[in-house]
Amino acid sequence: MSKCRACREPAIIDLPRHNANFCDVHFRQLVRRQVEKAIDDFAMLRPGDRVLVAVSGGKDSLAAWDLLVELGYEADGFYVGLGIGEYSEASSEHAARFAHDRRLRLLTVDLRDEFGYDVPTASRATRRPACSSCGLSKRHLFDRAALDGGYDALVTGHNLDDEAAVLFGNTLRWDVDYLARQLPVLASRDGLPRKVKPLVRLTERETAAWCVVRGIDYAVDECPMSAGNRHLRYKEALNEIEAHSPGSKAAFYLNFLDNMAPLLADRRDASVATVGECTQCGSPTTGDRCAFCRLVETASQHEPVPVAMARRR
Amino acid sequence: MRVLLRNPRREIEIDGGVPARTMLERLGLAHEAHLVIRNGTLVPGDERLEDDDEIEVRPVISGGASP
């Protein structure tokens, strides 16, 4: 039986990237310290900040919410109903139950009720992958909710695997504008809230394990519309490398932040300066109307598409 | 032992007497992408699983790039 590196008690998890095993107590300590280090290293939050957590009902967003509350931040949640059949119904229940059991405040918006469309319908109406309209809708609504609510920051549950996979994709394409903006903190500016990612030093295996040891009942089943997407393939490729060389994902992403991101500062500043305002909603955009307003117009006029039909595309 | 798998959710019966990491390898599953949970408690890769254990193999990879 393997022993905890810190106390020699029986371990509950092996973390090859740390070349160590940890018991329940010291695994929790490790996770808390990684989040605190991310918050401190990147000056994400100040003590007592009031934040809005973008909540999906999955492990990362609920872990982020749980950890921030535990660390003493005033944190509300915000959930967007995407209309992806049973998956969305279950996710919504997980988010609501988490908030109710901990007496936390959860704000919700439903795409169909508020804007007249859902993700499967948007995917069909725009002839684009579901993840495209889903991400666009969530980003817009999270930003708006954080601004309208006067929160100090919008928190998302992006973890090390998410960031490494996005970095991998951006690097494969040498997409310098996206690389320049791939930071764990984005400052607020006109029409956009401050955005922070406190889980970037944790892998998704670690955030899932945090939920298990904390008794967080999250939505385990995957979104039926994300199967086979490019992001998942990047994660699989990186995990293949990680299996042979533990610590590679962390080195890839964290060394990018230390060594490469500073060199892209000029490019980042240039992209911020060229943004204007949407004539319809006032959000930042490079055109007359923002992508969300155009999506609402297109998707809300389309006949509703069931999940099963959208997946056949 | 009885093993619960996810995405899609299903149960299989396989021989025990092997470490958790070996079970994952035999199922063709990546260690970095899964947790092994025995009777509701996490177990590390070298923990020996027995025939009467109830095991959940929980995938941890999320599909989307944002919550």
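In what follows, chains carry the letters A, B, and so on, assigned in the order in which the sequence lines appear, proteins first and then strands, with residues in each chain numbered from 1.
Formation of a donor-acceptor pair under 3.5 Å by the R205(A) side chain with backbone atoms of L35(B) is not found in this model. Under the 3.5 Å distance criterion, the side-chain polar atoms of D14(A) are matched with a main-chain donor or acceptor of G45(B). A donor-acceptor pair under 3.5 Å links the side-chain atoms of K59(A) to the main chain of V60(B), judged by distance alone.
Within 6.0 Å of CZ on F252(A) lie more than 12 heavy atoms contributed by other residues, nucleotides or ligands. The number of heavy-atom neighbours closer than 6.0 Å to CG of N19(A), taken from other residues, nucleotides and ligands shown, is 12 or below. Annotation for E13(B): atom CD counts as buried by contact number, over 12 foreign heavy atoms lying within 6.0 Å.
Comment: D221(A) engages R6(B) in a salt bridge, judged by a side-chain N to carboxylate O separation of less than 4.0 angstrom.
Looking at heavy atoms from C-beta onward, S62(B) lies out of side-chain contact with H231(A) at the 4.5 angstrom threshold. Within the 4.5 Å cutoff, no side-chain heavy atoms of I13(A) are placed close to those of P44(B). A 4.5 Å side-chain heavy-atom check between V220(A) and R9(B) finds every atom pair outside the cut-off.
Taking SG from C223(A) and CG from N7(B), the interatomic distance works out to 10.5 Å, rounded to the nearest 0.5 Å. Once rounded to the nearest 0.5 Å, the distance linking CG of D46(B) with CG of N21(A) reads 6.0 Å.
Considering every non-hydrogen atom in both T203(A) and E32(B), the closest pair reads CG2-OE2, 3.8 Å.
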- Item | Test side chain to side chain contact (heavy atoms under 4.5 Å, CB included) applied to I12(A) and V43(B), step by step | CA-CA 5 Å; I12(A) 61 159; V43(B) 295; over 6 Å; no

| Going through the checks in order, is the side chain to side chain contact (heavy atoms under 4.5 Å, CB included) test met by T41(B) and V212(A)? | CA-CA 8 Å; T41(B) 303; V212(A) 173; over 6 Å; no

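Heavy atoms closer than 4.5 Å to chain B are found nowhere in Y234(A), neither backbone nor side chain. The parts of A209(A) that come within reach of chain B are both its backbone and its side chain, each placing non-hydrogen atoms under 4.5 angstrom from that chain. E204(A) touches chain B through backbone and side chain together, each having a heavy atom under 4.5 Å away. With a 4.5 angstrom heavy-atom cutoff, P10(A) does not touch chain B via any of its atoms. At a 4.5 Å heavy-atom cutoff, the contact between K249(A) and chain B is made by side-chain atoms alone. Only the side chain of R21(B) comes within contact range of chain A, with heavy atoms under 4.5 Å apart. Proximity to chain B is absent for every atom of T207(A), based on heavy atoms less than 4.5 angstrom apart.
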